Structure formats: C-alpha cells, structure tokens
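The next block holds one structure in the form of structure tokens; read it before the comments.
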Amino acid sequence: MKKNWRYSSYPFMREKSCLVDYEIRTDSLTTSVGAVFCYLTEKEQIVLEDLRVIQEMCYHANGSVRGKLAINEEDLRWLSGRYDEYVRLTGETTKQFVLPQGNEAASALHSARSDAKKSYRALHKVSEEREVPEILFSYLGLIANVLFAMAVYVNQVNEIEEIPFISKSYPMKKRSRN
C-alpha cells in the first residue's frame with residue numbers, strides 16, 4: 001500500500017532518536033521567530049530585518065545534524081555582530097536579569113528566546129547519541145542571547161521599563177551577558 005503523506009506531519013516522527021525532538025524544537029523556534037513579525041512596527045524595523053535572517057538560519061540549524069552542516073563561521077560572526085549592536089543600543093540593561101515582559105513584540109521575543117534555549121537543550125541530548133558540530137551549540141546559544149537583547153531593545157524604543165528580577169533562591173552577582 002502506498003504511503004499517504006496527508007497523515008504524516010514529519011517523516012521521522014516515529015524514530016527513537018533524540019534528533020527528532022531537536023528537529024521539532026528548532027521547528028518551533030523558527031515558528032516563534034516568525035510569530036514576532038506581526039507585532040513589530042516601523043520603529044523596530046532593524047529587528048524585523050534581523051529576524052528574517054535569523055528565522056531562515058533556525059531552519060538551517062534544524063537540518064544541520066541529520067543533513068549537511070549549514071551554519072558556518074561567517075553566520076556566527078554576523079549573529080555575534082548583531083548581538084553587539086543590540087547591546088550597544090540598550091546599554092547596561094542587557095547585563096541584568098529581567099522579567100520576560102513588555103509589549104507584544106518584546107513578549108514574543110522572550111518566548112522565542114525560551115524556544116532557542118529548549119533547542120539548545122535538545123541538541124545536547126542529541127550530542128549524547130551522536131557527534132554534533134560545536135558551532136551549532138554556539139549558534140543556538142547566541143540566538144537566545146540576541147533574542148533577549150532584541151526584547152530589551154523593543155521595550156526601550158517603546159519606553160517600557162524593564163523589571164529586574166532578584167532571585168530569592170540564588171545569590172546574584174553582577175555579571176555580563178557578553
């Protein structure tokens with residue numbers, strides 16, 4: 001009997017490997033990044049332009065374990081440069097732990113940041129089963145930090161004050177997110 005693809009959302013769904021979970025997580029990350037677009041206004045155009053590149057790169061990260069590695073040093077340098085620019089624009093605010101809040105765009109960026117961290121964690125699980133290129137860890141970690149800096153920037157341009165989070169569980173030292 002011929003396979004009817006209408007009943008399959010993803011051809012590898014029944015594999016036992018953690019790779020499937022990573023691919024689903026990075027698909028979710030790519031979707032979350034795209035969900036931010038509709039909330040951005042003209043004054044946040046820089047964020048939209050950067051997110052369009054990042055969204056495509058999330059799908060490249062998705063296929064870079066099962067398929068050919070599609071993330072390279074130039075991609076990492078570009079993303080690192082974008083991080084530096086958002087940190088420059090926001091100043092000290094990106095160096096503190098803040099509650100994930102703000103307008104719709106900032107809140108969606110925080111959700112996407114969380115998805116980037118989940119993708120990183122899923123990649124770690126894959127690395128326990130097979131070799132994973134280290135650049136993928138660097139890239140996903142940096143995406144999470146860029147999304148955080150973007151959220152802070154969006155709040156800043158919309159004059160929404162960040163709310164610092166002071167943990168009752170862990171002593172907090174001033175630290176740099178760089």
Side-chain angles (χ1 to χ4, degrees), residues 5-42 44-87 94 100-155 177:
W5 289 104
R6 78 177 66 215
Y7 302 115
S8 177
S9 61
Y10 191 57
F12 307 110
M13 197 61 89
R14 293 183 183 226
E15 282 186 9
K16 291 182 181 180
S17 166
C18 288
L19 179 55
V20 175
D21 301 312
Y22 166 74
E23 291 166 337
I24 291 169
R25 283 288 185 195
T26 51
D27 180 66
S28 182
L29 170 60
T30 307
T31 302
S32 293
V33 168
V36 178
F37 295 178
C38 66
Y39 298 120
L40 295 169
T41 65
E42 195 172 300
E44 298 130 349
Q45 190 64 30
I46 185 175
V47 176
L48 179 61
E49 291 169 10
D50 289 342
L51 285 177
R52 290 197 187 284
V53 175
I54 290 169
Q55 184 185 42
E56 188 172 320
M57 294 309 296
C58 290
Y59 264 156
H60 287 308
N62 175 294
S64 285
V65 178
R66 187 183 300 273
K68 177 184 168 201
L69 178 62
I71 304 292
N72 60 43
E73 288 296 329
E74 184 178 325
D75 300 322
L76 194 58
R77 278 191 301 276
W78 177 84
L79 190 60
S80 185
R82 299 316 301 145
Y83 176 75
D84 291 342
E85 179 63 9
Y86 286 105
V87 168
T94 55
Q101 56 83 44
N103 67 10
E104 291 89 351
S107 296
L109 284 161
H110 279 298
S111 290
R113 172 191 52 81
S114 182
D115 282 342
K117 290 166 55 174
K118 292 171 190 171
S119 297
Y120 186 106
R121 181 63 182 170
L123 185 63
H124 168 71
K125 291 301 205 182
V126 173
S127 74
E128 293 177 338
E129 295 178 354
R130 65 168 66 191
E131 193 162 327
V132 170
E134 191 61 36
I135 194 169
L136 293 176
F137 287 107
S138 298
Y139 200 79
L140 288 171
L142 188 52
I143 284 176
N145 290 330
V146 168
L147 293 169
F148 172 79
M150 285 176 163
V152 170
Y153 172 77
V154 166
N155 279 339
R177 292 185 63 88

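All of these numbers come straight from a predicted model, not from anything done at the bench.
- For Tyr120, the side chain to side chain contact (heavy atoms under 4.5 Å, CB included) partners at least two apart in sequence or on another chain are Phe137, Leu140.
- Considering only heavy atoms from C-beta on, Val65 comes within 4.5 Å of Arg130 through its side chain.
- Side chains of Tyr22 and Asn62: no donor on one and acceptor on the other come within 3.5 Å.
- The shortest non-hydrogen separation linking His60 to Ile71 is CB-CD1, 4.0 Å.
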Let me see the working for Leu69 and Leu136 under side-chain contact (heavy atoms from CB on, under 4.5 Å), right down to the final yes or no. CA-CA 9 Å; Leu69 178 62; Leu136 293 176; 3.9 Å; yes

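- The structure places CD of Glu44 at 12.5 Å from CD of Glu49, a figure rounded to the nearest 0.5 Å.
- The two residues Ser64 and Ala70 come nearest to each other via the heavy atoms OG-N, 2.8 Å.
- A 4.5 Å side-chain heavy-atom check between Val53 and Trp78 finds at least one atom pair inside the cut-off.
- Separation of atoms CG (Leu29) and SG (Cys58) is listed at 3.5 Å; rounding is to 0.5 Å.
- Counting heavy atoms from C-beta on, the side chains of Phe37 and Leu51 come closer than 4.5 Å.
- For Val154 against Leu40, the heavy-atom pair with the smallest separation is CG2-CD2, 4.2 Å.
- The structure places CG of Asn72 at 9.0 Å from OH of Tyr139, a figure rounded to the nearest 0.5 Å.
- Closest non-hydrogen pair, Val33 versus Gln55, comes out as CG1-CB, 3.7 Å.
- With sequence neighbours left out, the side-chain hydrogen bond (donor to acceptor under 3.5 Å, both in side chains) criterion links Glu104 to no other residue.
- Around CD of Glu131, the count of heavy atoms belonging to other residues, nucleotides or ligands within 6.0 Å does not exceed 12.
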Apply side-chain contact (heavy atoms from CB on, under 4.5 Å) to residues Tyr83 and Leu142 and explain how you reach the verdict.
CA-CA 8 Å; Tyr83 176 75; Leu142 188 52; 4.0 Å; yes

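- Formation of a donor-acceptor pair under 3.5 Å by the Asn155 side chain with backbone atoms of Gln101 is found in this model.
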*Is there a side-chain contact (heavy atoms from CB on, under 4.5 Å) between Lys125 and Asp21 once you walk through the steps?*
CA-CA 9 Å; Lys125 291 301 205 182; Asp21 301 312; over 6 Å; no

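- Atom-to-atom distance recorded for Glu128:CD and Leu123:CG is 10.5 Å, nearest 0.5 angstrom.
- In this structure a side-chain-to-backbone donor-acceptor pair under 3.5 Å is present from Ser127 to His124.
- Take Asp50 and apply the side-chain hydrogen bond (donor to acceptor under 3.5 Å, both in side chains) test, not counting sequence neighbours, and it matches Arg82, Tyr86.
- Contact check for Phe148 versus Leu109: no side-chain heavy atoms found under the 4.5 Å cut-off.
- With values rounded to the nearest 0.5 angstrom, Ser80 atom OG is found 10.5 Å from Glu73 atom CD.
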Q) Step by step, would you call Ile143 with Leu79 a side-chain contact (heavy atoms from CB on, under 4.5 Å)? A) CA-CA 7 Å; Ile143 284 176; Leu79 190 60; 3.5 Å; yes

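- Other residues, nucleotides and ligands contribute only 12 or fewer heavy atoms inside 6.0 Å of the CD atom of Glu74.
- In this structure, the side chains of Arg121 and Lys117 stay at 4.5 Å or more apart for every pair of heavy atoms.
- Among all heavy-atom pairs drawn from Ser107 and Gly102, the shortest one is OG-O, 3.4 Å.
- Remark: the backbone N or O of Ser119 is not paired with any side-chain donor or acceptor of Thr26 at under 3.5 angstrom.
- Annotation: the span from Thr30 atom OG1 to Ile54 atom CD1 amounts to 11.0 Å, rounded to 0.5 Å.
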